[in-house]
Amino acid sequence: SVSEALQMLKSHGDDAKLLSGGHSLIPALKLRLNNPGVVIDISKIEALKSISIDGDTLKIGANCTHAQIANSDVVRAHLAMICETAGNIGDIQVRNVGTIGGSVAHADPAADWPTVLIAAKANIQIEGPGGRRSVAAEEFFEGLYMTALADDEIITSVSVPSSAGSKSAYAKFVQPASRFALVGCAVCLKVDGGNIVSASVSQGGVSDHAYRDTAVEEALVGKPASDETMSGAAEQAAEGIDVMSDHFADEGYRKQMAKVFTKRALVAALED
Ligand code: FAD
């Protein structure tokens with residue numbers, strides 16, 4: 001149970017690490033980036049495996065696999081972007097074993113869930129010795145593999161309200177070997193009478209953590225839902241941001257790709 005896992009985390013302190021799908025933790029252990037004395041397997045906790053609707057909010061348990069989410073009619077009816085994202089993570093094996101909770105806790109800058117959950121205005125539910133708390137996805141991801149989660153806490157679920165906007169899309173530049181996002185942009189829009197009345201836009205893969213792109217949002221709201229507006233807004237992507245550079249893509253290329261994939265996400269959202 002969650003309380004047993006919390007108890008074990010408390011008794012082993014820094015020496016313990018939670019294990020869910022193991023698709024990020026096990027590679028990290030193999031590379032000796034992590035060397036815990038105790039691994040606490042939470043993957044069998046049934047209470048963390050359910051998907052439900054509470055009022056206008058979708059709740060996805062932390063132990064739900066990407067495949068379970070991709071195949072859920074409940075999720076699709078709530079926000080199709082969530083299903084599409086889950087269905088395009090890694091390969092079949094990764095999707096059948098990797099979990100949303102593990103991905104959110106790991107906070108890889110190239111992962112898909114952080115970006116999509118920020119645009120969807122999701123909240124991360126956490127349980128720890130001090131009780132339960134909820135953190136907005138926008139505030140949860142703090143840096144390279146760094147989050148607002150404390151060492152003695154467990155993510156129990158992710159909740160997605162319906163308020164972000166029904167027109168949504170996520171577009172990523174697929175890293176061909178892993179299918180992680182070289183860059184990825186998620187968009188939720190509300191359009192009324194041909195005008196964009198609200199926009200929620202986030203970027204992943206661009207900097208050390210997924211973030212809300214307010215410059216793109218500001219370039220959209222109050223404007224006609226036209227190709228011209230989308231192109232102008234996409235030009236704002238990744239501006240004023242410390243853009244990452246690595247052996248896959250240097251800073252200039254990554255920044256340009258952020259603009260390209262922002263435009264693609266905006267156009268796809270409008271067509272949703
Ligand atoms: P684990 O590896 O078990 O754990 C990861 C970390 O989270 C550990 O530190 C663990 O202690 C912690 N943790 C786990 N569960 C919890 C919890 N409930 N509360 C608190 N802490 C917790 N990801 C993408 O986004 N897009 C991709 O295209 C993609 N491609 C991949 C391709 C390959 C070949 C591989 C191996 C991975 C890929 N991934 C991709 C990552 C994949 O989605 C992982 O499954 C995910 O990042 C981690 O989930 P997990 O359940 O495997 O977590």
Side-chain angles (χ1 to χ4, degrees), residues 2 20-21 42-43 45-90 94-107 111-127 132-141 147-149 153-172 181 184-191 197-202 204 210 212 217 265 268-272:
V2 171
S20 43
I42 59 168
S43 64
I45 302 179
E46 285 299 324
L48 303 183
K49 287 186 185 175
S50 67
I51 294 175
S52 60
I53 293 279
D54 184 6
D56 67 350
T57 300
L58 169 71
K59 196 170 156 200
I60 305 174
N63 274 354
C64 290
T65 62
H66 311 313
Q68 187 185 347
I69 298 166
N71 295 323
S72 165
D73 291 336
V74 175
V75 177
R76 188 167 297 281
H78 187 79
L79 195 63
M81 173 176 72
I82 305 274
C83 278
E84 304 301 334
T85 300
N88 286 307
I89 290 177
V94 172
R95 292 196 289 277
N96 279 343
V97 183
T99 67
I100 191 167
S103 177
V104 168
H106 191 60
D112 300 307
W113 284 128
T115 316
V116 167
L117 294 177
I118 290 172
K121 298 193 183 297
N123 291 292
I124 317 298
Q125 272 78 48
I126 297 168
E127 221 170 301
R132 293 179 182 168
R133 65 189 182 107
S134 176
V135 180
E138 189 187 339
E139 284 155 22
F140 184 81
F141 303 100
T147 69
L149 190 72
E153 291 181 316
I154 293 179
I155 296 171
T156 52
S157 64
V158 165
S159 62
V160 185
S162 57
S163 56
S166 58
K167 287 184 171 294
S168 64
Y170 174 57
K172 69 168 166 173
C185 176
V187 176
C188 289
L189 298 176
K190 278 185 195 159
V191 179
V197 292
S198 84
S200 178
V201 179
S202 57
R212 189 172 155 203
E217 291 175 359
L270 265 191
E271 288 170 358
D272 180 26

Inset, instruction - Please tell me if the side chains of T57 and V160 come closer than 4.5 Å, counting only heavy atoms from C-beta onward. - result: no

Legend entry - Nearest-0.5 Å distance that lies between atom OG in S168 and atom CG in D272: 5.0 Å

Legend entry - NZ on K59 to OG on S157, rounded to 0.5 Å: 4.5 Å

Legend entry - For N123 against A136, the heavy-atom pair lying closest together: OD1-CA, 3.3 Å

Legend entry - Derivation of the side-chain contact (heavy atoms from CB on, under 4.5 Å) call for I82 and I60: CA-CA 11 Å; I82 305 274; I60 305 174; 4.1 Å; yes

Legend entry - Gap separating the CD1 atom of I154 from the CD1 atom of I45, nearest 0.5 angstrom: 6.0 Å

Inset, instruction - Find out whether F140 and L149 are in side-chain contact, i.e. whether some heavy atom of one side chain is under 4.5 Å from a heavy atom of the other. - result: yes

Inset, instruction - May I ask you to decide if I42's main-chain N or O and N63's side chain share a donor-acceptor pair within less than 3.5 Å? - result: yes

Inset, instruction - Sorted by first residue and then second, give each salt bridge (charged side-chain N to carboxylate O under 4.0 Å, His left out) pair with at least one member in residues 71-82; sequence neighbours left out. - result: R76-E84

Inset, instruction - Just do the side-chain contact (heavy atoms from CB on, under 4.5 Å) check on Q68 and R95 with the steps written out, would you? - result: CA-CA 8 Å; Q68 187 185 347; R95 292 196 289 277; over 6 Å; no

Legend entry - Validation row: V201, C185 side chains within 4.5 angstrom (heavy atoms): yes

Legend entry - Q125 side chain to T156 side chain, donor-acceptor N/O pair below 3.5 angstrom: no

Inset, instruction - Determine whether K121 and C188 make a side-chain contact, defined as any pair of heavy atoms from C-beta on separated by less than 4.5 Å. - result: no

Legend entry - L58 and V74, any side-chain heavy atoms less than 4.5 Å apart: yes

Legend entry - Pair E127 + R133, salt bridge at N-O below 4.0 Å: no

Legend entry - Minimum-distance pair of heavy atoms, taken over all atoms of V191 and K167: CG2-CD, 3.9 Å

Legend entry - Residue pair D112 / N88: nearest heavy atoms and the distance that separates them: OD2-O, 4.4 Å

Inset, instruction - Give the minimum heavy-atom separation between S20 and G102, together with the two atoms involved. - result: OG-CA, 3.7 Å

Legend entry - Rounded distance (nearest 0.5 Å) linking atom OG of S103 with atom CD1 of I155: 9.0 Å

Inset, instruction - Answer yes or no: is there a side-chain heavy-atom contact under 4.5 Å between I69 and V75? - result: yes

Counting only pairs under 3.5 Å, give me each side-chain donor-acceptor contact of residues 48-55, with atom names and distances, residues two or more places apart or in other chains.
residue : atom : partner : partner atom : Å
K49     : NZ   : S43     : O            : 3.3
K49     : NZ   : E46     : OE2          : 3.4

Legend entry - Contact summary for A269 and L189, nearest pair of heavy atoms: CB-CD1, 4.1 Å

Inset, instruction - Could you tell me which residues satisfy side chain to side chain contact (heavy atoms under 4.5 Å, CB included) with A186, sequence neighbours excluded, listed by chain and number? - result: M81, T115, V116, A119, Y170, S202

Legend entry - Nearest-0.5 Å distance, CD1 of residue I126 to OG of residue S134: 7.5 Å

Inset, instruction - Grab the two heavy atoms, one from A148 and one from E139, that are nearest each other, plus how far apart they are. - result: CB-O, 4.4 Å

Inset, instruction - Kindly compute the distance separating OG1 (T99) from NE2 (H66), expressed to the nearest 0.5 Å. - result: 6.5 Å

Inset, instruction - Taking the side chain as every heavy atom from C-beta outward, state whether W113 and I118 have any atom pair closer than 4.5 Å. - result: no

